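Quick notes on the structure that follows.
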Amino acid sequence: MKVLWVEDHPRAGELLAAAAAAASRKRYGIDLVIATSLLDAERKLRLERFELVVIDLMLPDSSDEDVTVTRIANMGKFRVAVVSASEKRQKVVESLVRAGVDCAPRAVGKEDLQLAEFVKRPELFRDFVIGLMPSQAA
């Protein structure tokens, strides 16, 4: 599964890359690409096809969370998942679902992610990513 994860915090990006590498060694089939800004994500979405795009709502080049997800969601056919520390995260998800966007129905709080555990236990990373997809894909 090809996944674009939009994450601007360098340490979180490093841990995600390490988790993806560990998952790759286990042959879990997750190809992770990290974008560090909205513009970087848009560029990558123009160049590659993804099945899942995981979005942090608070990015350095976008001050409006609704605009962030709208711009991303309008760039192709893929599943969107919100993983963010924003207090608006669930409201943004509900708005996307109402608009007919293929979106995971529950936002995930970044504070709830245990990225270091994803590195140590790549099956947790795989299960987390698969859990963001529609149930028939799991």
Side-chain angles (χ1 to χ4, degrees):
M1 171 187 331
K2 188 131 183 183
V3 179
L4 175 64
W5 197 306
V6 187
E7 174 56 63
D8 66 317
H9 290 93
R11 182 65 182 144
E14 290 170 8
L15 289 170
L16 287 166
S24 179
R25 285 191 295 276
K26 294 280 189 176
R27 300 191 188 277
Y28 287 150
I30 297 173
D31 181 8
L32 181 71
V33 175
I34 297 174
T36 57
S37 68
L38 180 57
L39 290 175
D40 187 28
E42 289 174 324
R43 183 176 52 80
K44 288 176 176 169
L45 285 165
R46 280 192 287 279
L47 296 173
E48 301 178 63
R49 295 198 190 279
F50 296 92
E51 294 173 66
L52 174 65
V53 177
V54 181
I55 305 172
D56 179 1
L57 297 176
M58 301 183 329
L59 298 171
D61 57 345
S62 179
S63 60
D64 186 312
E65 296 149 339
D66 294 314
V67 169
T68 300
V69 294
T70 301
R71 283 176 56 179
I72 294 292
N74 285 324
M75 291 200 68
K77 186 176 179 172
F78 43 76
R79 175 78 159 189
V80 173
V82 173
V83 175
S84 180
S86 168
E87 293 177 10
K88 288 179 56 178
R89 64 184 174 247
Q90 189 57 39
K91 288 182 182 181
V92 169
V93 165
E94 291 165 4
S95 175
L96 289 170
V97 170
R98 279 193 307 275
V101 173
D102 180 10
C103 183
R106 295 217 182 271
V108 176
K110 279 174 80 172
E111 63 276 6
D112 296 330
L113 280 185
Q114 297 190 1
L115 297 175
E117 279 300 306
F118 287 169
V119 176
K120 293 179 200 170
R121 299 183 53 207
E123 67 277 6
L124 293 177
F125 179 66
R126 176 203 58 205
D127 294 348
F128 176 77
V129 170
I130 289 172
L132 296 173
M133 296 299 286
S135 58
Q136 65 267 23

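Just so it is clear, the model here is predicted, and its values are computed rather than measured. By convention here, the first residue in the shown sequence is residue 1.
Among all heavy-atom pairs drawn from Ile34 and Gly13, the shortest one is CD1-O, 3.3 Å. Of all heavy-atom pairs spanning Lys44 and Ala35, the tightest one is NZ-CA, 4.0 Å. Heavy atoms only, all atoms of each residue included: Val53 and Leu45 are closest at CG2-CD2, 3.9 Å. Of all the heavy atoms in Pro105 and Gln90, the pair that sits closest is O-NE2, 3.1 Å. Of all non-hydrogen atoms in Leu4 and Ala41, the two that sit nearest each other are CD2-O, 4.0 Å. Contact detail for Asp8 and Pro60: the closest heavy-atom pair is OD2-CD, 3.4 Å.
Annotation: side chain of Asp31 is not in contact with side chain of Met1 (no heavy-atom distance under 4.5 Å). Contact check for Leu59 versus Ser37: no side-chain heavy atoms found under the 4.5 Å cut-off. Within the 4.5 Å cutoff, the side chain of Ile55 has no heavy atoms near those of the Val83 side chain. The shortest side-chain heavy-atom distance between Val93 and Arg106 does not fall under the 4.5 Å cut-off. Residues Pro122 and Arg25 form no side-chain contact, since every pair of their non-hydrogen atoms from C-beta on lies 4.5 Å or further apart. A heavy-atom distance below 4.5 Å is found between the side chains of Arg126 and Ile30. Residues Asp66 and Val92 have side chains in contact (heavy-atom distance under 4.5 Å, counting atoms from C-beta outward). For the pair Val129/Val3, a side-chain contact is recorded, criterion being any heavy-atom separation below 4.5 Å from C-beta on.
Within the 3.5 Å criterion, the main-chain N or O of Ala20 finds no donor-acceptor partner in the side chain of Ser24.
Between Lys26 and Glu123 no salt bridge is recorded (no basic side-chain N to carboxylate O distance below 4.0 Å). Checked for salt-bridge contact, Glu117 and Lys120 meet the test: a charged N lies under 4.0 Å from a carboxylate O. No salt bridge links Asp102 with Lys77; every basic N to acidic carboxylate O contact stays at or beyond 4.0 Å. Between Glu14 and Arg11 there is a salt bridge, since at least one side-chain N of the basic residue sits less than 4.0 Å from a carboxylate O of the acidic one. Arg89 and Glu111 are joined by a salt bridge, as a carboxylate oxygen and a charged side-chain nitrogen come within less than 4.0 angstrom of each other. Here Glu42 pairs with Arg71 in a salt bridge; the nearest charged N to carboxylate O distance falls below 4.0 Å.
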(request) Tell me, with the steps shown, if Lys110 and Glu87 meet salt bridge (charged side-chain N to carboxylate O under 4.0 Å, His left out). (result) CA-CA 11 Å; Lys110 279 174 80 172; Glu87 293 177 10; over 6 Å; no
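The neighbour count for Arg49 CZ, taken as heavy atoms of other residues, nucleotides or ligands under 6.0 Å away, does not exceed 12. The number of heavy-atom neighbours closer than 6.0 Å to CD of Gln114, taken from other residues, nucleotides and ligands shown, is 12 or below.
One hydrophobic cluster holds both Met133 and Trp5 under the rule that ILVMFWY side chains link at heavy-atom gaps under 4.5 Å. Connection of Leu16 to Val33 is not established within any shared hydrophobic cluster, with ILVMFWY side chains joined at heavy-atom distances below 4.5 Å, either directly or through further cluster members. When hydrophobic clusters are built by joining Ile, Leu, Val, Met, Phe, Trp and Tyr residues whose side-chain heavy atoms come closer than 4.5 Å, directly or via intermediates, Val101 is grouped together with Phe50. Under the 4.5 Å side-chain heavy-atom criterion for ILVMFWY residues, no single connected hydrophobic cluster contains both Tyr28 and Ile130. The hydrophobic cluster containing Leu52 also contains Leu115, counting ILVMFWY residues as joined when their side-chain heavy atoms lie under 4.5 angstrom apart, directly or transitively.
Partners of Phe118 by ring-ring contact (aromatic ring centres under 6.0 Å, His included), not counting sequence neighbours, listed by chain and number: Phe125, Phe128.
From Glu65, atom CD reaches atom OG of Ser95 across 12.0 Å, with rounding to the nearest 0.5 Å. Put simply, CG on Leu96 and SG on Cys103 are 4.5 Å apart, with the number rounded to the nearest 0.5 Å. Atom CZ of Arg79 and atom CG of Leu132 lie 8.0 Å apart (nearest 0.5 Å). Taking CG of Leu15 as the reference point, atom CD of Glu7 lies at 10.0 Å (rounded to 0.5 Å). A distance of 4.5 Å separates CG of Leu39 from CG of Asp61, quoted to the nearest 0.5 Å.
Among pairs with a residue in residues 71-97, none fulfils ring pair (Phe, Tyr, Trp, His ring centres under 6.0 Å), at least two apart in sequence or across chains.
A donor-acceptor contact under 3.5 angstrom links the side chains of Ser84 and Asp56, judged on distance only.
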